[in-house]
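Notes follow once the structure below has been shown.
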Amino acid sequence: MSNHSLKEINPPQNLAGRICLAIECKARSRARVRFGLLAALSITSITSSVIFFVNLWQSITKTAFYDYLSIVISDTGTISAFWKQLLASLAESVPAFALIIFLAASGVSIMLGVKTFKSAAVLKAINI
């Protein structure tokens, strides 16, 4: 077989431009979807953080932590005299599980918020 029997194939005119345009359209589409998903997740995460904060506040007011904390705020003389016992009582009465869940939800909210703003910057950069 010789190479003479094969026809020389000429690509259509402006093929490279159409390929670049298709790649740009796909990048814009992905950026829009990423931004939309991150925005929805951010809103959901912020909402859950508010719910967990309310749960944490209810836990604080139901436990002795609130009473001990009010003593710390209102009577400084008690703090100086019994600070070791007061700190131990505060540490024992902290609603740890509610606090951990609230801090985790808040951390996720912050992380998603940062990613959402970065995604918005990418959208702006590619002129959507």
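Everything numeric here is computed off the predicted structure, so don't read it as measured data.
- If you chain together hydrophobic residues whose side chains sit under 4.5 Å apart, I126 and I23 never meet in one group.
- Under the 4.5 Å side-chain contact rule for hydrophobic residues, Y68 and Y66 share a cluster.
- I51 and I46 fall into different hydrophobic clusters, where Ile, Leu, Val, Met, Phe, Trp and Tyr residues are linked whenever their side-chain heavy atoms come under 4.5 Å apart, directly or through other members.
- Formation of a donor-acceptor pair under 3.5 Å by the S29 side chain with backbone atoms of C25 is not found in this model.
- Annotation: the span from W57 atom CH2 to S59 atom OG amounts to 11.5 Å, rounded to 0.5 Å.
- I100 and V54 sit in two unconnected hydrophobic clusters of ILVMFWY residues. Membership requires side-chain heavy atoms under 4.5 Å apart, directly or through other members.
- Of all the heavy atoms in I60 and P95, the pair that sits closest is CG1-CG, 3.7 Å.
- Using a 4.5 Å cut-off on side-chain heavy atoms (C-beta onward), M111 and V114 make no contact.
- Atom OG1 of T44 and atom CG of L112 lie 9.0 Å apart (nearest 0.5 Å).
- Under the 4.5 Å side-chain heavy-atom criterion for Ile, Leu, Val, Met, Phe, Trp and Tyr, F117 and V108 are members of distinct hydrophobic clusters.
- The CD1 atom of I101 sits 11.5 Å away from atom OG of S106, with the distance rounded to the nearest 0.5 Å.
- Between the CZ atom in F52 and the OG atom in S109 there is a gap of 9.5 Å [rounded to 0.5 Å].
- Other residues, nucleotides and ligands place no more than 12 heavy atoms under 6.0 Å from the CZ atom of R30.
- Nearest approach of R32 to L123, heavy atoms of both residues: N-CD2, 3.7 Å.
- Among all heavy-atom pairs drawn from S93 and T63, the shortest one is O-OG1, 3.6 Å.
- Listed here is the closest heavy atom pair of Q13 and R18: O-NH2, 4.0 Å.
- A distance of 9.5 Å separates OG of S74 from CG of L69, quoted to the nearest 0.5 Å.
- In this structure, F102 and F53 have tilted ring planes: the angle between them lies in the 30° to 60° band.
- In terms of heavy-atom proximity, S45 sits nearest to S48 at O-OG, 2.8 Å.
- Atom CD1 of residue I43 and atom CG of residue L38 lie 11.0 Å apart, to the nearest 0.5 angstrom.
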